[in-house]
Undergrad: 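This is the structure I want to talk about, given as structure tokens.
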Amino acid sequence: MNKHASPNLKAAKIAGGVHTDQRHDSAHKHVAGTAVYIDDMPEPAGTLHVGIGLSSVAHGKLKSVDLSAVRSAPGVVDVLTHADVPGENDVSPSGMHDDPVFAEGKVQFHGQPIFAVIAETREQGRSAARLAKIEYEELPGIFDIWNLDPEKDKQVTTPLTLTRGDAAAAIAAAPHRIKNRMKLGGQDHFYLEGQVSLAIPGEDDEVIVYCSTQGPSETQHLVAHVLGVPSHAVTVEVRRMGGGFGGKETQANQCAAIAAIAAKKHGRAVKIRLDRDEDMTATGKRHDFAIDYEVGFDDEGNILGVDFMFALNAGFSADLSGPVGDRALFHCDNAYFYPHVHAKSAPLYTNTVSNTAFRGFGGPQGMVGAERVIDEVAFAVGKDPLEIRKLNFYDPMGAEGERNVTPYHQKVEDNIIHRIVAELAESADYAGRRRTIDAFNANSRFIKRGMALTPVKFGISFTKTESNQAGALVHVYNDGSVHMNHGGTEMGQGLHLKVAQVVAEEFQIDLDRVKITATTTAKVPNTAPTAASSGADLNGMAAQDAARQIRKRLTDFAAEKYQVPTDQVVFLPNRVRIGNQEIGFNELVKQAYLNRIQLSAAGFYKTPKIHWDRAKGRGHAFYYYAYGAACSEVSIDTLTGEYVVERTDILHDTGRSLNRAIDIGQVEGGFIQGMGWLTTEELVWDDKGRLRTHAPSTYKIPLASDRPKIFNVALTDWSQAYEPTIHRSKAVGEPPLPHGMSVLHALSDAVASVADHKICPRLDAPATPERVLMAVERLKAEAAGK
Amino acid sequence: MSLSIGLTINGQPRTVALDDPRVTLLDLLRERLDLTGTKKGCDRGQCGACTVLVDGRRINSCLALAASLDGATVTTIEGLADGEALHPVQAAFIEHDGFQCGFCTPGQIMSAIGLIAEGHAGDDPERIRELMSGNICRCGAYQGITEAVLEAQKTLAERNRRDAA
């Protein structure tokens with residue numbers, strides 16, 4: 001007997017159902033070092049390794065590619081170029097055919113893969129890659145979008161326009177107008193586990209790819225496309241990732257494809273694991289933006305009309321830049337009602353790596369634009385920015401007013417931002433600390449403090465409608481133990497645990513009776529990537545559907561066998577009451593098996609209500625919104641620009657949380673990542689288009705010591721999803737990231753104090769100490785009338 | 001030329017023949033001794049994922065040449081637990097949710113053990129955060145990590161007091 005074989009048949013509640021705090025399912029393995037990531041898997045005998053050959057110029061024609069020295073280097077088995085791709089030399093996720101596996105004829109960014117060395121060891125592959133003799137005819141390159149014309153310069157895909165009302169007329173007629181521009185930097189994912197794939201060739205056209213990917217189905221489809229085989233020949237599997245953050249939504253596909261090509265060509269297992277410099281140079285990042293805004297407002301600070309242009313640096317190919325730009329527009333309102341609005345995106349072509357998904361997917365960039373507008377208005381009318389924020393919020397849920405329609409014509413029906421902001425302002429003592437900070441600043445010559453409270457409203461659903469579907473596969477074995485599989489992937493966010501809690505709840509069995517298994521395209525097909533915060537919403541529902549099918553079969557079987565109506569079959573903790581008697585769940589399952597009841601089911605879910613007409617810019621793009629607010633206080637050294645985050649308070653809404661312990665971690669981590677993006681994480685390209693910040697020595701990710709000194713994170717204990725989501729919980733992956741805005745605006749507030757809060761600091765991001773110092777100097781000079 | 005070194009790894013004396021004198025301790029552990037609990041994050045001493053203890057001190061194993069460690073005692077994440085019983089630092093990381101994706105966790109735990117042994121962190125969370133700042137957690141689980149280190153430090157101090165008594 002194993003220790004789990006005897007569930008408690010008298011329990012009042014199951015152990016590990018929904019709405020309970022459960023530890024991450026891999027917690028023990030994580031601390032013991034036994035959790036297996038792809039690079040930890042035992043390698044099959046004869047495994048070959050990949051060294052990758054990257055472009056050393058940012059834009060140019062390939063005049064000659066001499067790989068003879070590479071081929072003759074020790075340990076080299078083969079060198080692959082575009083000529084070795086059996087199917088299409090393309091891993092474009094958008095069907096644009098603009099993402100070659102290997103550059104062909106030309107290169108479009110510094111670090112673009114041109115060839116791959118297949119060698120006996122990784123060191124041999126990497127050393128040999130350095131021996132290539134490549135001649136380029138260099139072409140002029142575009143490395144920055146700041147000086148591009150978003151109306152005229154080359155775009156990688158079709159932009160989006162949102163219009164409601166007549167923004168131009170409203171701005172023209174407004175008592176006050178401000179027009180300006182903001183620079184907003186990108187962000188490297190720096191998942192601790194870099195891109196990695198292990199391909200194992202099978203019979204005929206088959207191949208299995210173990211890949212650190214957030215989108216196994218898409219990886220499968222693109223590997224098939226590159227190999228020129230049907231999707232059924234390719235299996236992609238991933239148990240867990242060492243971080244994803246959007247960086248493995250499409251960016252895993254190229255490595256998977258290279259490993260698969262080599263594995264099929266040589267009939268040996270092939271592993272590719274990018275070195276950190278290569279990973280940071282050759283894979284896409286969060287888009288940097290240039291945001292043009294014009295706002296018209298009245299004396300009180302009511303926004304009357306807004307016009308936005310969100311230009312984003314797409315890099316050399318489309319990848320996901322179209323939808324990222326869209327999501328920026330979808331969030332250019334953040335939590336604010338614009339009576340008249342016009343907003344456009346411009347996904348601009350540059351000779352840099354193709355930018356991609358990153359937690360928030362353009363949404364945070366849209367919100368940063370909205371908050372800059374709020375700051376402008378606040379300084380212009382001389383009020384605390386929080387007053388202007390509250391003045392312009394959408395109407396609260398249930399209000400009769402008209403101020404609840406988004407720029408994309410969706411009605412905001414579940415708005416709880418007023419209560420969240422009010423509760424946070426109270427718990428963080430915003431008003432009292434505002435006075436304390438003013439007093440501090442009056443008495444402190446060089447160190448200045450600042451504080452800001454920023455709201456978040458984040459739309460939940462993929463805007464690509466077909467992505468809002470999910471599948472799950474649930475087996476109940478005849479001992480009553482359950483095997484659970486679904487299309488979502490685990491990258492640390494506790495998705496598998498949450499879905500397992502849902503399944504345990506349906507069957508009313510203890511959580512340890514539900515086995516979490518690796519995500520594989522062989523079990524659940526055609527799944528969406530684990531992205532858009534949708535993992536638990538979609539896969540939880542699909543798994544619930546599968547479990548319910550089986551439970552119904554068990555109910556029908558029990559009713560018939562024991563001759564009771566079906567409503568007298570009730571699933572109690574680890575047991576089932578049938579009429580007047582109770583039997584163990586395991587016993588019922590065993591009886592059902594003996595009576596040939598099917599104990600396996602495929603579940604399915606598609607999000608209802610949503611629709612989106614991109615050409616018209618109208619629709620019900622989001623099933624619901626997640627809300628939250630953050631209040632941060634900083635101190636800056638006005639002589640050096642250095643700063644410290646003194647305190648951050650966050651109140652965040654995850655509806656009726658499936659697992660508050662997991663959600664709190666997501667909120668804390670999301671905030672820290674957002675803070676890093678807007679403060680210390682700066683990507684620098686030189687005038688040759690080379691990324692100069694390609695390792696943590698120069699690219700500064702928040703450390704333990706950068707965390708706010710006081711950090712209070714709470715979830716609302718009163719909210720629930722307005723729509724019937726999985727147990728009325730809400731998505732939590734992305735919505736907390738923009739809480740980092742509170743730090744940017746607190747820095748801005750501290751900077752503003754040097755000019756008596758009379759001048760809007762217009763602090764761009766990332767607000768590195770250099771930028772803070774420059775802003776301080778600029779404001780001092782302006783205040784002195786220079 | 002082949003070079004042979006003697007190491008004590010997780011309490012076991014090992015004689016290791018190095019096929020290449022440039023092999024780092026990290027690659028020796030992961031690729032030649034199948035101790036894959038120690039992770040490779042950046043491979044240039046900047047992320048801390050590969051932290052192990054060498055003669056009781058925490059080091060980045062990606063920057064240590066294995067050949068230079070003849071006679072050393074190496075402790076990795078696999079060597080902490082006593083059978084089923086986790087080391088207090090491991091248990092504290094579970095108790096305080098000191099991770100999400102888990103990839104930096106072995107390095108964080110080894111670094112925390114090294115830090116506690118150094119004995120100058122005290123019970124000041126800010127000082128602990130400063131002294132743990134060589135270990136990046138991209139998931140941002142620093143809240144839990146700090147709490148875990150504080151608690152483990154207390155547990156270990158009590159255990160030492162009991163042992164001394």
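Everything quoted here is computed from the prediction, not taken from an experiment. No hydrogens, no waters, no symmetry mates; every other heavy atom, side chains included, goes into these values. By convention in this document, chain letters (A, B, ...) are assigned in the order of the sequence lines, proteins followed by strands, and residues within each chain are numbered from 1.
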Undergrad: Report yes or no: does A:Glu668 contribute a side-chain atom to a donor-acceptor pair with the main-chain N or O of B:Gly140 at less than 3.5 Å?
TA: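 Side chain of A:Glu668 to backbone of B:Gly140: no pair is present.
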
Undergrad: Salt bridge or not for B:Arg44 and A:Asp275, using N-O below 4.0 Å?
TA: yes

Undergrad: Charged N to carboxylate O under 4.0 angstrom, B:Lys39 versus A:Asp39?
TA: no

Undergrad: Is chain A contacted by the side chain of B:Ile109, its backbone, both, or neither, given a heavy-atom distance below 4.5 Å?
TA: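 Looking at B:Ile109, just its side chain touches chain A.
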
Undergrad: Where does A:Ala695 contact chain B at under 4.5 Å (heavy atoms): side chain, backbone, both or neither?
TA: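 Both parts, heavy atoms under 4.5 Å.
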
Undergrad: Any donor-acceptor pair under 3.5 Å linking the side chain of A:Tyr37 with the backbone of B:Phe103?
TA: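 Indeed, once roles are kept as given, a pair shorter than 3.5 Å links the two residues.
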
Undergrad: Enter the distance from B:Cys139:SG to A:Gln673:CD here, rounded to the nearest 0.5 Å.
TA: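 One gets 7.5 Å once the value is rounded to the nearest 0.5 Å.
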
Undergrad: Look at the side chain of B:Gln46 and the backbone N and O of A:Ser697, then say whether any donor-acceptor pair between them is shorter than 3.5 Å.
TA: yes

Undergrad: Do the side chains of A:Glu123 and B:Arg22 get close enough for a salt bridge, i.e. N-O under 4.0 angstrom?
TA: no

Undergrad: Might you work through the side chain to side chain contact (heavy atoms under 4.5 Å, CB included) test for A:Arg707 and B:Gln143, ending with a clear yes or no?
TA: CA-CA 8 Å; A:Arg707 212 210 62 163; B:Gln143 178 96 338; 2.3 Å; yes

Undergrad: For B:Ala49 and A:Leu192, work out which heavy atoms get closest and say how close.
TA: CB-CD1, 3.9 Å

Undergrad: Which distance, rounded to the nearest 0.5 Å, do you find between the NE2 of A:His694 and the SG of B:Cys42?
TA: 13.0 Å

Undergrad: Give a yes or no answer on whether the side chain of B:Arg138 reaches the backbone of A:His189 with a donor-acceptor pair at less than 3.5 Å.
TA: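 It does hold such a pair.
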
Undergrad: Based on non-hydrogen pairs under 4.5 Å, which of A:Arg122, A:Arg273, A:Met675 is most in contact with chain B?
TA: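 Option with the top pair count is A:Arg273.
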
Undergrad: Heavy-atom cut-off 4.5 Å, strictly under: side chain, backbone, both or neither for B:Glu95 against chain A?
TA: both

Undergrad: Would you give the length of the straight line joining atom CG of B:Asp19 to atom OG1 of A:Thr121, rounded to the nearest 0.5 angstrom?
TA: 9.0 Å

Undergrad: Whether the side chain of B:Tyr142 engages the backbone of A:Pro702 through a donor-acceptor N/O pair (distance < 3.5 Å, no angle test) should be reported.
TA: yes

Undergrad: Taking every non-hydrogen pair under 4.5 Å, which of B:Pro106, B:Gly144, B:Ser133 racks up the most with chain A?
TA: B:Ser133

Undergrad: So do the side chains of B:Ile94 and A:Arg23 get within less than 4.5 Å of each other, counting heavy atoms only?
TA: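 Yes. Closest side-chain heavy atoms under 4.5 Å.
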
Undergrad: Would you sort out whether B:Glu130 and A:Lys709 count as a salt bridge (Lys or Arg N to Asp or Glu O under 4.0 Å), showing the intermediate values?
TA: CA-CA 11 Å; B:Glu130 194 61 42; A:Lys709 284 193 202 165; over 6 Å; no

Undergrad: When rounded to the nearest 0.5 angstrom, what distance separates CG in A:Leu703 from CZ in B:Arg129?
TA: 12.0 Å

Undergrad: Could you check which of A:Gly243, A:Ala32, A:Ala35 has the highest count of heavy-atom pairs closer than 4.5 Å to chain B?
TA: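 Winner by heavy-atom pair count: A:Ala32.
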
Undergrad: Quick one: does any side-chain atom of A:Arg276 pair with a main-chain N or O of B:Lys40 as donor and acceptor, under 3.5 Å?
TA: no

Undergrad: Relative to chain B, which segment of A:Asp277 carries a heavy atom at a distance below 4.5 Å: side chain, backbone, both, or neither?
TA: both

Undergrad: How close do B:Cys101 and A:Gly242 get, heavy atom to heavy atom, and via which atoms?
TA: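 Reported closest heavy-atom pair: SG-C, 3.4 Å.
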
Undergrad: Could you check which of B:Gln108, B:His87, B:Glu126 has the highest count of heavy-atom pairs closer than 4.5 Å to chain A?
TA: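 Between B:Gln108, B:His87, B:Glu126, the count favours B:Glu126.
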
Undergrad: Hey, is CG on B:Asp163 packed in by over 12 heavy atoms from elsewhere, all under 6.0 Å?
TA: yes

Undergrad: Side chain, backbone, both or neither: which part of B:Leu86 has an atom under 4.5 Å from a heavy atom of chain A?
TA: side chain

Undergrad: With only heavy atoms counted, which part of A:Pro708 is less than 4.5 Å from chain B, the side chain, the backbone, both or neither?
TA: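 Only the backbone of A:Pro708 comes within 4.5 Å of chain B.
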
Undergrad: Examine whether an atom of A:Glu193 lies under 4.5 Å from a heavy atom of chain B, and if so say whether it belongs to the side chain, the backbone or both; otherwise answer neither.
TA: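 For A:Glu193, heavy atoms of backbone and side chain both lie under 4.5 Å from chain B.
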
Undergrad: Using a 6.0 Å cut-off, check whether atom CG of B:Asn160 has over 12 heavy atoms from anything other than its own residue.
TA: yes

Undergrad: Under a 4.5 Å cut-off applied to non-hydrogen side-chain atoms, are A:Gln666 and B:Gln100 in contact?
TA: yes

Undergrad: Where on A:Asp21 is there a heavy atom nearer than 4.5 Å to chain B: the side chain, the backbone, both, or neither?
TA: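 A:Asp21 has no heavy atom closer than 4.5 Å to chain B.
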
Undergrad: Heavy-atom cut-off 4.5 Å, strictly under: side chain, backbone, both or neither for B:Asp27 against chain A?
TA: side chain

Undergrad: Tell me, for A:Phe245 versus chain B, whether the close heavy atoms (under 4.5 Å) come from the side chain, the backbone, both or neither.
TA: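 Contact with chain B is through the side chain of A:Phe245 alone.
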
